[in-house]
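Below is one structure; the comments refer to it alone.
In the text below, chain A, chain B and the rest are named by the order of the sequence lines, each starting its count at 1.
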Amino acid sequence: MQNYNFPDENGHFGPYGGTFVAETLIEALDELKVMYEQFKDDKDFLNEFHHDLKHFVGRPSPIYFAERLTKKIGGAQIYFKREDLNHTGAHKVNNTVGQALLAKKMGKPRVIAETGAGQHGVATATIAARLGLDCVVYMGSEDVKRQSPNVYRMKLLGAEVVPVESGSKTLKDALNEALRDWVTNVSNTFYIIGTVAGPHPYPMMVRDFNSVVGKESIVQMDELVGKQPDAVIACVGGGSNAMGIFYPYIPYENTRLIGVEAAGHGIETGKHAAPLTANSPVGVLHGNRTYMMQNDEGQIIETHSVSAGLDYPGVGPEHAWLKDTKRAEYVAINDEEALAAFHNLCRTEGIIPALETSHAIAYAEKLARDLSKDKTILVNLSGRGDKDINTVAGIAGIKI
Amino acid sequence: MSRIRKTFDTLKISNQKALIPFVTAGDPSPEMTIKILHQLVTSGADMIELGIPFSDPMADGPIIQRASERALAKNVGIRKTLEIAKEFRKQNQVTPLILMGYANPIEAIGIDEFLKLCKSSDIDGVITVDYPPEESKAYVEKLKQNDIDAIFLLAPTTEKKRIEQIIKQASGFLYYVSLKGVTGAQNIDIEQVKNRVGEIKSLTDLPIGVGFGVRDPETAKNVAKFSDAIVIGSRIIQEIEASDESNMLENINKIIRSIKQVI
Ligand SMILES: Cc1ncc(COP(=O)(O)O)c(C=O)c1O
């Protein structure tokens, strides 16, 4: 794929993506498109963006050779791109720094966000505090319960956290509610979407802001290993950490790109969050067309994953396109496998990974086992697991 | 001429405006919806908007969201909605029926299947909330081939050039969203709506309905002075929520009559 040039000007990745919203949002999206086009190659804007990534976020994040894990598995060499070391603890902040800067340029004093695990909400609240913007975060009431440390973090940072009681009370409903807020307060509000979903230009813009991860990796792998990895692995909820590392690697045809979805209790049980792996029907939700978990009458069905950040029935439209064109592969890891990888990494490498990230690690272990020692795997270590310790303790029957 | 346009023309002769109530199919139950639809007509509805329940109604406020949730709990989806319409049509072949829904249920059963069901239920128009014109050209073409009006929303923020484009694809009437917000909101500014509707009228002969923020006879009366139709949804659904089956039809009757009288 040397000449990969997506999306087209209307935000389509082949048959996916697009702008499927009520007329009430069209003007706001048009405004955003124009502003993003204006700033995305603007020198001053990019300088400010990279200045904040360096001095506020702490980029570049290192690439780390997981020596003990590699030895333990006994196959391919495993490297981590350490997004967990970013300020706020995940890749999510790269995108929020970009979008908040854009909000500032557009003169919007108020930002809103949806959040599942709370990482995107925390990142948004953080950057809002840094730039002096009002911040409201919508979070499904189920997730508010699952991720209470992050709820408190957002409040400490001055954000208002609104629990969403509609529908399944998780990430997709938080996204609905944020869209409703945006329609209502469109003149003074910027909606910072946290993943490569939503209507055009969000999937493209969020990918672009996060692609700093892949761009750094290409340089760092060259310096550190002297070659590019044979496989790049990332977990996929909406797909922003995966697109961030995949996108710059698309022209590197010898590098396999592998997205890891959440198999929850198992694909065959229907209780999962893996629309690509399960070959779910294509549908329209949250402004774009993509693979979508739904019943035969188009009602979105409830998903399940132990990790709140992967608990989403759809997936970014660009992943749908990369699957169809076979440039990327998609697999799924269930709750149990992810938890095992979580515990293993804590003890083998001294890194507590996010439960989302643990899905990518679990698959990396599987793949490394099947590959010879001269092969290298790069895993996007998308976030740290401090936020998940209550969940993990709860599963072990421990109260902390 | 479509049944929708005919209704507007007839009302015009007697200097009346169309009252278009909205209810969600299956709320509170499929049987009750059929009774409600007939009651709406008896009380003065000139056309009816029937909502297709959807799990993720992103343009709707909490009241219509709850209506969708109640309907889904009774297993009413897109197919059952069209069955309800068909049942209604057995006794009423004159009142225009307009479906309002989201794209995903329509795509899930397939556009051709959807149109076939619409034909067999004698549907007059469809509003597909999240299909803006640029994403729905082929769909709108098919609606027209089947003599079903494609009704589009116009927002307070829709620019003139875009209004002109939408007018080219629209038929039946244009639905002007009276405020920046979701259905059932309360901050409608009559003067602003009046100016916008005037602007749109200068661009088209299509009738213009106003909805999203109309909740009481007073507002309806004022908006009817410069528009061709009033759409009222959340206010009726509130009656459905607050009533039990014994007084539901009477409560709906009261609210519809109070509005029909003044427009
Ligand atoms: C650490 C981490 N990784 C991954 C994800 C999943 O999101 P995405 O697929 O957009 O990267 C989340 C979401 O909250 C997260 O917090």
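- Few gaps surround NZ on A:Lys105; more than 12 heavy atoms of other groups in view lie less than 6.0 Å from it.
- With a threshold of 4.5 angstrom between heavy atoms, A:Val186 approaches chain B through side-chain atoms but not through N, CA, C or O.
- Taken from OG in B:Ser55 to CG in A:Asn295, the straight-line distance is 8.0 Å, to the nearest 0.5 Å.
- Side-chain contact, B:Asn104 with A:Gln294: a donor N or O sits under 3.5 Å from an acceptor N or O.
- Of the charged side-chain nitrogens involved, at least one lies within less than 4.0 Å of a carboxylate oxygen, so that B:Glu107 and A:Arg289 count as a salt-bridged pair.
- Heavy-atom distances place the side chain of A:Leu285, and not its backbone, under 4.5 Å from chain B.
- Considering only heavy-atom pairs separated by less than 4.5 Å from chain A, the leading option among B:Ala103, B:Pro133, B:Pro132, B:Ser136 is B:Pro132.
- With salt bridges taken as basic N to acidic carboxylate O contacts below 4.0 Å, none links B:Arg162 and A:Glu27.
- If you measure heavy-atom distances from B:Val177 to chain A, the contacts under 4.5 Å come from the side chain alone.
- Among the residues in residues 174-182 of chain A, those with a non-hydrogen atom closer than 4.5 angstrom to a non-hydrogen atom of chain B are A:Asn176, A:Glu177, A:Leu179, A:Arg180.
- Between B:Phe54 and A:Gln299, the closest side-chain pair of non-hydrogen atoms falls below 4.5 Å.
- Chain A is approached within less than 4.5 Å, heavy atom to heavy atom, by B:Leu72, B:Gly77, B:Ile78, B:Arg79 from residues 72-80 of chain B, ordered by number.
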